[in-house]
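To start, the structure under review is shown below, and the notes come after it.
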Amino acid sequence: MTQKSPPLVLPPSLSRTVAALPDKDRNRLDDTITRLHTVNGRLWDTEDRVRGALLSAAQVADCKREIDQLNAERNLLAERADEVLGSLADAGRADVPLHTETLASVIDRLSVLTLRIWHSERAATRDELARRRVSALHGQREHLCAALDALVSDVVAGRRRLPVPARFKLYGRDDAAPAEIKPSRRLRRVLAFGGLSECGKSTSAEFVQRTCGAQRFKIGFLLRQAAHREGLADPYALSARRQAELLLGELNRFADAHVDTELFTIESVHDDASIAEIKRLMGDALQIVYLDASFAVRVERSGTPAQAVAAKDEIKMSRGAHQVATLADHVIDNTGSIAALRAQLRRIAAPPASTALRAATPYGLGLPAAIASATADFTDAVRAYGPGVRLAALTGSPGEGSWIAGWSDLDLLVIAEHEAIGRVHEALEQYRIALGGAASLGPTLVTPGELTARRLTPRLAFVLHQLQQGSPVLHAAPSLELPTISQGELAFAAVRELPQVILTMRRLRADAGPTALRQLYKHLVLACRLLLREHNQWESGPDRILAAASRMPGLTALATPSLAEISSAWRDGEAELVLKPVTVAVDQLLTWYAAQLAA
């Protein structure tokens with residue numbers, strides 16, 4: 001309907017009767033009748049369009065579908081208006097005369113007649129027949145208004161009954177089952193956040209967007225987009241099923257256009273009926289997350305008066321927002337710490353998965369016999385602790401098969417429940433004693449909860465990725481679940497870790513005596529490894545890493561001795577023989593790095 005279309009004016013008796021309704025009912029009725037009149041205008045325009053210009057078969061089909069959708073909206077709005085108008089009727093006697101149609105049906109006819117008068121008046125300037133009809137149409141409108149006023153008076157006085165308002169229309173359907181929209185294969189996972197006012201829906205969606213790379217959408221935006229695309233006046237006037245189809249259609253459209261997006265979030269879920277329909281369409285690909293918090297907590301967080309929060313709650317509850325909790329896959333009590341909330345969100349957004357890990361004995365890692373024996377004793381000790389210790393693995397050079405006695409550390413990862421950490425400390429102490437100074441032990445202790453909440457340092461993320469790529473473990477509990485770490489995540493982690501590595505390398509370079517050789521060289525290799533990850537290169541082993549880094553654009557080849565030469569000089573107390581080329585390589589890399597980031 002164009003902007004110049006006339007508003008729908010109700011006859012005086014009906015207007016006075018409606019004005020006496022409670023505010024909530026009156027506002028709902030006013031809104032519904034306005035929407036009904038708008039839909040009728042859109043319907044008129046669409047029917048004109050399909051009858052007017054020369055359209056292709058596909059365009060005609062589109063218009064017909066649009067007409068069906070608008071008619072469905074029209075009937076739903078009329079039924080909604082009758083829900084309020086029905087309250088005007090006096091209960092009366094069952095034997096009073098039954099009218100042939102409901103009050104909303106008459107109002108609907110009045111809306112159409114109002115539009116017909118307006119269109120006829122526009123056509124009258126160029127069409128004599130239309131000009132002669134205008135007077136008759138105004139007469140029809142006067143008669144219809146008088147009849148409607150009389151009907152309202154009879155209904156209110158109990159002199160006439162109204163029929164059941166349900167219309168049971170089947171627009172756009174036949175005896176065959178209607179085609180059901182299905183999720184796109186590229187629409188992998190969707191999180192839908194629900195809850196009452198100030199419960200943390202937007203905060204949670206923003207966190208998932210920032211930390212998990214999710215694409216975040218507002219449900220209202222998606223519905224408006226769908227309505228605009230399909231020529232619908234008001235998507236909220238549609239059935240819950242139809243709203244669900246429109247929403248899924250928009251998500252499918254975006255997922256198909258952005259194939260690298262793994263996760264979507266939608267908010268805020270205030271309608272239990274429509275989200276139930278979406279869940280039926282999407283199954284487990286949709287995870288409904290309901291955030292719960294007491295009224296007092298939500299008022300405190302909002303910084304607004306309790307009455308304001310209560311008013312917003314009332315609106316949401318009228319739509320079924322509180323019922324979403326019964327449909328939710330996850331109900332989060334958001335009255336605790338932000339750390340607890342974020343941990344639960346990370347587990348939901350990026351759930352851990354059972355990981356098939358490759359087990360190996362310490363004797364198969366290329367370790368000297370005494371070190372392998374001490375490692376085997378440690379492994380037996382933690383295995384005896386039962387399910388409290390989930391995993392033990394030597395990482396870094398032992399896992400890569402490049403461990404060098406007198407040079408390499410024993411980097412150890414232990415995943416254990418917090419309650420078992422004390423016993424792990426005891427086993428570590430015995431491990432150190434058994435090593436007898438033959439190797440430096442560097443343990444990393446982490447709880448399963450920290451992993452599934454993805455509270456990971458970049459180094460720990462890389463270690464988990466290496467284990468998932470086949471690096472061996474000493475011990476792993478059955479059905480161990482670990483967060484899946486992608487190469488893309490490691491590339492972003494490298495961006496975060498590299499600044500600290502560069503700063504440490506500059507500090508070591510400032511005191512580049514022979515005793516600093518080992519740490520300086522290891523930080524050079526680590527910095528190059530992180531830079532290669534940014535370039536999507538995944539080399540292992542110091543010699544291969546430095547060679548690959550030398551081929552980065554603009555970087556002069558790093559002419560360092562081999563790892564075997566450097567480690568041999570270190571063990572023999574001749575570090576000064578290889579210190580110079582290492583410091584030259586460090587200077588080259590630092591100069592290049594500074595130039596890359598210069599304005």
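Counting begins at 1 with the first residue of the sequence. The figures that follow rest on heavy atoms only: side chains count, while hydrogens, waters and symmetry mates do not.
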Do the rings of F217 and F254 sit parallel, tilted or perpendicular, given the 30° and 60° boundaries? perpendicular

Please indicate whether D572 has more than 12 foreign heavy atoms, meaning atoms of other residues, nucleotides or ligands, lying under 6.0 Å from its CG. yes

Backbone N/O of L291 and side chain of K201: donor-acceptor pair under 3.5 Å: no

Please check if the number of heavy atoms outside R185 that lie under 6.0 Å from its CZ is greater than 12. no

Answer yes when R186 and D256 have at least one side-chain N-carboxylate O distance shorter than 4.0 Å, and no when they do not. yes

Assess whether atom NE2 of H425 is packed by more than 12 heavy atoms of other residues, nucleotides or ligands within 6.0 Å. yes

Report yes or no: does S302 contribute a side-chain atom to a donor-acceptor pair with the main-chain N or O of V299 at less than 3.5 Å? yes

Assess, by modelled atom type and distance only, whether the side chains of W407 and D409 contain a donor and an acceptor separated by less than 3.5 Å. no

Do S202 and E206 meet the criterion of a side-chain donor-acceptor pair at a distance under 3.5 Å? no

Got a salt bridge between R390 and E481, using NZ or NE/NH1/NH2 to carboxylate O under 4.0 Å? no

Short question: side chain of Q588, backbone of T556 - any donor-acceptor pair under 3.5 Å? yes

Does any N or O in the side chain of R298 come within less than 3.5 Å of the main-chain N or O of S197, such that one atom is a donor and the other an acceptor? yes

Going by an N to O cut-off under 4.0 Å, is there a salt bridge joining R544 and E539? yes

Pair listing, side chain to side chain donor-acceptor pair (under 3.5 Å) test, anchored in residues 347-368, at least two apart: R347-T452

Less than 4.0 Å between a side-chain N and a carboxylate O, is that true for K316 and D313? no

How about Q596: does its CD atom have over 12 heavy atoms from other parts shown lying under 6.0 Å from it? yes

Indicate yes or no: at least one non-hydrogen side-chain atom of E198 is less than 4.5 angstrom from one of T304. no

List the residues meeting salt bridge (charged side-chain N to carboxylate O under 4.0 Å, His left out) with R533, not counting sequence neighbours, and say none if there are none. none

Under 4.0 Å between a Lys/Arg side-chain N and an Asp/Glu carboxylate O for E277 and R280? yes

Would you call D333 and V331 a side-chain contact if the rule is heavy atoms closer than 4.5 Å? no

If you draw a 6.0 Å radius around CZ in R432, do more than 12 non-hydrogen atoms from other residues or ligands fall strictly inside? yes

Got a donor-acceptor contact below 3.5 angstrom from the W570 side chain to the P514 backbone? no

